[in-house]
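Here's the structure we're looking at; comments come further down.
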Amino acid sequence: MVESIGQGVFEKDPYSNALTQLASVAEFLDLEPEYYEVLKTTMKELVVHIPLKLARGEVVTFTGYRVQHNNARGPFKGGIRYHKNMDLNDARALSMWMTWKTAIMDVPFGGAKGGITVDPDKLNMDELEQLTRRYVDMLKDDIGPEIDIPAPDVNTNPQIMGWIMNEYSRLRGFNVPAVVTGKPLELGGSEGRLSATGKGVAICTREAVQRFLGKELHDVTVAVQGFGNVGSNTVRFLMDMGAKIAGVSNIYGAAKAKGGLFGVSFDKLNNDLVNPHSISSLVYAEPITNEELLEMDVDVLIPAAMEGQITEYNASKIKAKLIMEAANGPITPSADSILYKGGAKIVPDVLANAGGVLVSYFEWVQNLNRDHWSEIEVNAKLDVKMKNAFKQIFEFAALKNIEMREAAVAIAVDKVVKAMKLAGWH
Ligand code: GLU
């Protein structure tokens with residue numbers, strides 16, 4: 001059933017990796033070919049070309065995407081990524097992972113993903129705003145509170161979500177906060193949304209450390225790759241919960257704590273890493289390479305950067321026995337097999353980082369009800385939902401003697417297929 005896609009040749013392409021994962025679950029579930037066919041393909045793929053006049057006078061045409069994978073369980077849902085390497089296959093893979101994620105968290109959404117091929121650091125604020133607004137203009141009939149609800153992803157933030165909401169509302173002629181999640185609080189954003197993904201990763205790490213390592217967070221050392229919104233909040237909450245952070249990285253480099261543990265508060269570390277290149281000169285750390293960070297002898301490794309970080313080339317050098325996928329798709333299928341053979345446990349992205357979309361769902365519900373929940377309420381719901389999702393997947397994996405990724409995707413596919421069948425998708 002794996003066909004020609006998968007292991008080896010196409011390993012760098014996240015979409016073929018997503019298809020390989022689906023193929024293996026289709027086999028495990030003995031999925032009917034017609035439903036497998038629907039899930040292998042995305043439902044709708046929008047590619048838009050957006051001409052934009054830059055401040056220096058030049059007109060540049062940017063390419064944007066929105067890929068909608070499946071909406072059997074509810075409106076499409078997923079982030080918008082601004083990245084120079086963003087392409088259609090990234091959007092396809094990420095949209096499929098969103099379908100699994102929303103099913104795992106049991107929120108009534110499907111899966112989508114979009115973005116623009118752009119290095120946002122090369123644009124000024126005004127250009128970024130215009131580009132975002134033009135992108136929304138071109139997608140206006142394919143997004144909406146009941147159709148497809150975007151959110152932040154790599155290099156997008158609450159400000160950009162605010163522009164999306166405003167542009168969509170302007171086009172509709174009235175205020176539509178539920179068209180997008182991850183907005184600033186002042187525009188109807190939810191308490192706790194900005195840090196939700198990192199918080200969810202930390203909660204999941206707590207559960208995984210107990211179940212797989214038989215330890216508590218304060219007994220384990222952790223290395224985190226990436227210090228963007230997800231990585232930094234993961235470090236923040238893990239530090240709060242007592243874990244020993246032994247290594248971190250950002251886009252400029254990586255650092256290993258002197259003496260094995262950063263003797264500083266999260267705020268100090270965070271402030272120090274705001275200055276882009278300071279990671280190589282922290283007095284309490286020694287600079288290491290990104291490869292060395294991934295290969296650190298720690299209990300838990302948390303890739304929180306981009307796809308394809310652990311591949312067949314470096315998987316055998318990974319020493320951590322527990323890997324939490326805070327990023328989407330950081331481990332390729334071949335690397336999965338190598339890690340499993342070495343006895344490592346992987347908590348897959350579709351579970352580990354699902355706290356983000358969960359709180360997005362809370363935001364959508366609040367917007368539709370014109371309500372505002374307290375941070376305590378949001379965080380309590382996040383904790384319970386993450387804990388339950390982890391437990392369900394852990395127990396299913398143990399029962400069937402399969403890995404956590406297989407278990408998570410199988411549970412998700414099963415739910416999506418049931419919804420398709422009951423709705424009469426044939
Ligand atoms: N971009 C995030 C993810 O990959 C969040 C998506 C959302 O909140 O809709 O899960």
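Counting convention: from 1, in listed order, for ligands and their atoms alike. Computed over heavy atoms, backbone and side chain alike; hydrogens, waters and symmetry mates excluded. Each residue takes its place number in the sequence, starting with 1.
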Nearest-neighbour protein heavy atom for [atom], which is reported as residue plus atom name and distance:
atom                    : answer
atom 7 (C) of ligand 1  : Ala151 CB, 3.3 Å
atom 2 (C) of ligand 1  : Pro152 O, 3.7 Å
atom 10 (O) of ligand 1 : Lys101 NZ, 2.8 Å
atom 9 (O) of ligand 1  : Lys77 NZ, 2.8 Å
atom 8 (O) of ligand 1  : Ser360 OG, 2.6 Å

- Task: Could you establish whether Met98 and ligand 1 come within less than 4.0 Å of each other, counting only heavy atoms on the residue side?
- Result: yes

- Query: Under 4.0 angstrom from ligand 1, any heavy atom of Pro150?
  - Reply: no

Regarding [X] and [Y], do their side chains bring together a donor and an acceptor under 3.5 Å, going by distance alone?
X      : Y      : result
Asn290 : Gln225 : yes
Ser95  : Gln68  : no
Ser190 : Gln366 : yes

- State the atoms of ligand 1, each with its element, that fall below the 4.0 Å cut-off from a heavy-atom position in Gly78. 9 (O)

- Query: Should you measure from each heavy atom of Asp153, which atoms of ligand 1 turn up under 4.0 Å away?
  - Reply: 1 (N), 2 (C), 4 (O)

- Task: Is it possible for you to check whether Lys421 lies under 6.0 Å from the centre of the six-membered ring of Tyr35, through NZ or CZ, and within 45° of that ring's axis?
- Result: yes

- Query: Do Lys268's NZ or CZ and the ring of Phe266 fall within the cation-pi criteria of under 6.0 Å and 45°?
  - Reply: no

- Task: Tell me which part of Arg193 gets within contact of ligand 1: side chain, backbone, both or neither, using heavy atoms under 4.0 Å.
- Result: side chain

- Could you tell me whether Asn328 approaches ligand 1 through its side chain, its backbone, both or neither, with non-hydrogen atoms closer than 4.0 Å? side chain

- Message: So for atom CG, which belongs to Asn401, do other residues, nucleotides or ligands contribute more than 12 heavy atoms lying within a distance under 6.0 Å?
- Response: no

- Looking only at N/O atoms, are Lys113 and ligand 1 under 3.5 Å apart anywhere? yes

- Note on the structure: With sequence neighbours left out, the residues meeting salt bridge (charged side-chain N to carboxylate O under 4.0 Å, His left out) with Lys381 are Glu377

- Item | Glu207/Lys387 under salt bridge (Lys or Arg N to Asp or Glu O under 4.0 Å): CA gap, chis, key distance, verdict | CA-CA 7 Å; Glu207 300 299 306; Lys387 216 161 109 177; 5.2 Å; no

